Amino acid sequence: MFEMPEKVAIREVGPRDGLQNEGENIATEDKIEWINLLSQSGLNYIEFSSFVHPKWIPQLKDAREVAEGITRTPGITYASLVPNRKGLENAIGTDVDEVSVFMSASETHNKKNINKTIEETYPVLEEVVREAKASGKTVRGYVSTVFGCPYEGKIAPSRVFEVSNRLFQMGIDELSLGDTIGVANPKQVDEFLEQMEGNVPFSKVAMHFHNTSGMALANVLVSLERGITKFDAALGGLGGCPYADGASGNLATDDLVHMLEDMGIETGVNQEKLAEAATFIQSRLSKELPSHQMQIRNRQGGRNDG
């Protein structure tokens, strides 16, 4: 057995990445209540929304109202995604703690996602990062389609390294590497991280796995073995990508916490409080959440529709 870390940091992205691909809109007051429940679970990072144009992600058009309505708990970083300077201005206006910029390692996916080439994207993000840092905000950078693209297939690791290094040169504080359509397998992740070691500081890297093929937790284990201790996850396994056909839910926060805590790795998260938050958002959706922990809870106690 590999040497396990004592602690792992979880970035909860459910209120943004989880809800953005849902077919139905969740009421603003329900989003606020859900985020407040998440704030009581021991999580110390919550990505609550995205300040993008409503025509892109209509489910998140109430980002400002959510930001202004949630009860902020000391010690928790409340973050939001921003696509450009206008999004940044709106985010800063709500006093977010951290902003996230995003782009793809795939040229085709980048064009379909943000309507720009990779080279055209760099100056836009540079301006956002510079102004965010000047406003005293920390900045996170997302790289999508790291392990595969729905349009181009497998992505060469060298392309990921190039994009990642450009983002670090801009001044980002943390890098999230996304398996956007959930095609990665443990061998691929292991080989990728072996090549990446030395190119990018692992202490500033988080992995963002989707569970399309059921391999997200296995990919987490390989990442842990390589020294990664930060992971994005969405409660209940919510999520997907509106611009990537076939992309299913994110790595489930509740499944991740359950596995890590059972392995003796500290997450700081109260599993019962997490289950309460999951049960709440499930009651506001017209479906059961796909995480294993919620499936067990649903079978044991019946679905709670509130």
Side-chain angles (χ1 to χ4, degrees), residues 11-21 28 31-32 35 45-70 72 76-105 109-146 163-164 166-178 180 204-206 208 230 232 234 239-244 250:
R11 308 321 196 195
E12 173 59 49
V13 299
R16 194 276 301 175
D17 198 13
L19 294 184
Q20 72 175 13
N21 205 35
T28 301
K31 292 178 184 177
I32 291 170
I35 293 167
Y45 187 104
I46 301 171
E47 189 178 62
F48 65 85
S49 195
S50 177
F51 287 88
V52 299
H53 195 285
K55 72 177 181 181
W56 288 11
I57 310 289
Q59 294 88 338
L60 303 180
K61 62 185 178 182
D62 56 356
R64 175 175 288 277
E65 291 79 5
V66 170
E68 294 174 347
I70 58 177
R72 303 197 187 191
I76 298 178
T77 296
Y78 293 94
S80 67
L81 204 69
V82 299
N84 49 37
R85 183 176 182 177
K86 178 64 175 176
L88 176 64
E89 290 172 356
N90 290 333
I92 289 177
T94 65
D95 198 28
V96 299
D97 299 312
E98 180 168 282
V99 298
S100 296
V101 296
F102 57 97
M103 63 181 300
S104 179
H109 185 265
N110 203 71
K111 288 178 182 176
K112 288 184 176 290
N113 195 16
I114 55 181
N115 201 31
K116 288 180 175 60
T117 66
I118 288 174
E119 283 299 323
E120 290 170 342
T121 302
Y122 288 139
V124 175
L125 300 192
E126 285 173 350
E127 181 181 36
V128 172
V129 174
R130 182 175 62 252
E131 295 196 8
K133 301 289 279 189
S135 298
K137 309 300 180 184
T138 54
V139 182
R140 197 168 199 245
Y142 279 100
V143 179
S144 302
T145 65
V146 167
V163 170
S164 299
R166 285 293 294 270
L167 288 170
F168 275 120
Q169 288 167 14
M170 292 177 199
I172 66 168
D173 299 282
E174 185 169 288
L175 176 73
S176 174
L177 297 173
T180 308
K204 296 183 178 182
V205 170
H208 183 116
K230 299 181 180 71
D232 296 356
C241 176
Y243 301 96
N250 288 272

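Numbering starts at 1 and runs along the sequence shown. Just so it is clear, the model here is predicted, and its values are computed rather than measured.
- Take Ser104 and apply the side chain to side chain donor-acceptor pair (under 3.5 Å) test, not counting sequence neighbours, and it matches His109, Thr145.
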Q.
Applying side chain to side chain contact (heavy atoms under 4.5 Å, CB included) to Arg140 and Tyr45, what does each step give before you reach the verdict?
A. CA-CA 12 Å; Arg140 197 168 199 245; Tyr45 187 104; 3.3 Å; yes

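- Annotation: the span from Asn90 atom CG to Ser49 atom OG amounts to 11.0 Å, rounded to 0.5 Å.
- One finds the CZ atom of Arg64 at 6.5 Å from the CZ atom of Phe51 (value rounded to the nearest 0.5 Å).
- In this structure, Ile57 CD1 and Leu19 CG are separated by 11.5 Å, a value rounded to the nearest 0.5 Å.
- Contact annotation: the side chain of Ile46 approaches that of Pro15 to within less than 4.5 Å [non-hydrogen atoms, C-beta and beyond].
- Sorted by first and then second residue, the salt bridge (charged side-chain N to carboxylate O under 4.0 Å, His left out) pairs with a member in residues 92-105 read Asp95-Lys137; sequence neighbours excluded.
- Separating the OG1 atom in Thr180 from the CG atom in Asn250 is a distance of 10.0 Å, to the nearest 0.5 Å.
- Between Phe48 atom CZ and Thr77 atom OG1 the span is 11.5 Å, to the nearest 0.5 Å.
- Side-chain atoms of Tyr78 and Val96, non-hydrogen and from C-beta on, never get closer than 4.5 Å to each other.
- Looking only at side-chain heavy atoms (C-beta outward), Arg72 and Ile70 come within less than 4.5 Å of each other.
- Under the side-chain contact (heavy atoms from CB on, under 4.5 Å) criterion, Asp62 pairs with Thr28, Lys31, Glu65, Val66, not counting sequence neighbours.
- Judged by a 6.0 Å distance limit and a 45° cone about the ring axis, Arg16 is positioned over the six-membered ring of Tyr142.
- Proximity of a side-chain donor or acceptor of Asn110 to a complementary backbone N or O of Lys116 within less than 3.5 Å is detected.
- Note that the CG atom of Asp17 and the CG atom of Leu60 stand 9.5 Å from one another [nearest 0.5 Å].
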Q: For side chain to side chain contact (heavy atoms under 4.5 Å, CB included), just list the numbers for Val163 and Tyr122, CA-CA rounded to whole Å, side-chain angles, deciding distance to a tenth of an Å, and then say yes or no.
A: CA-CA 9 Å; Val163 170; Tyr122 288 139; 3.6 Å; yes

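- By the side chain to side chain donor-acceptor pair (under 3.5 Å) test, Thr117 pairs with Glu120, sequence neighbours left out.
- Checked by atom type, the side-chain pair Asn113/Ser144 shows no donor-acceptor distance below 3.5 Å.
- Within the 4.5 Å cutoff, the side chain of Leu125 has no heavy atoms near those of the Phe102 side chain.
- Arg85 pairs by the side-chain contact (heavy atoms from CB on, under 4.5 Å) definition with Glu89, Glu127, Glu131, not counting sequence neighbours.
- When the side chain to side chain donor-acceptor pair (under 3.5 Å) test is applied to Ser176, the partners found at least two apart in sequence or on another chain are Asp232.
- In the displayed structure, Lys204 atom NZ is contacted under 6.0 Å by at most 12 heavy atoms of other residues, nucleotides or ligands.
- You'll find the side chain of His208 reaches within 4.5 Å of the side chain of Val13, heavy atoms only.
- Using a 4.5 Å heavy-atom cutoff, the side chains of Gln20 and Ser50 are not in contact.
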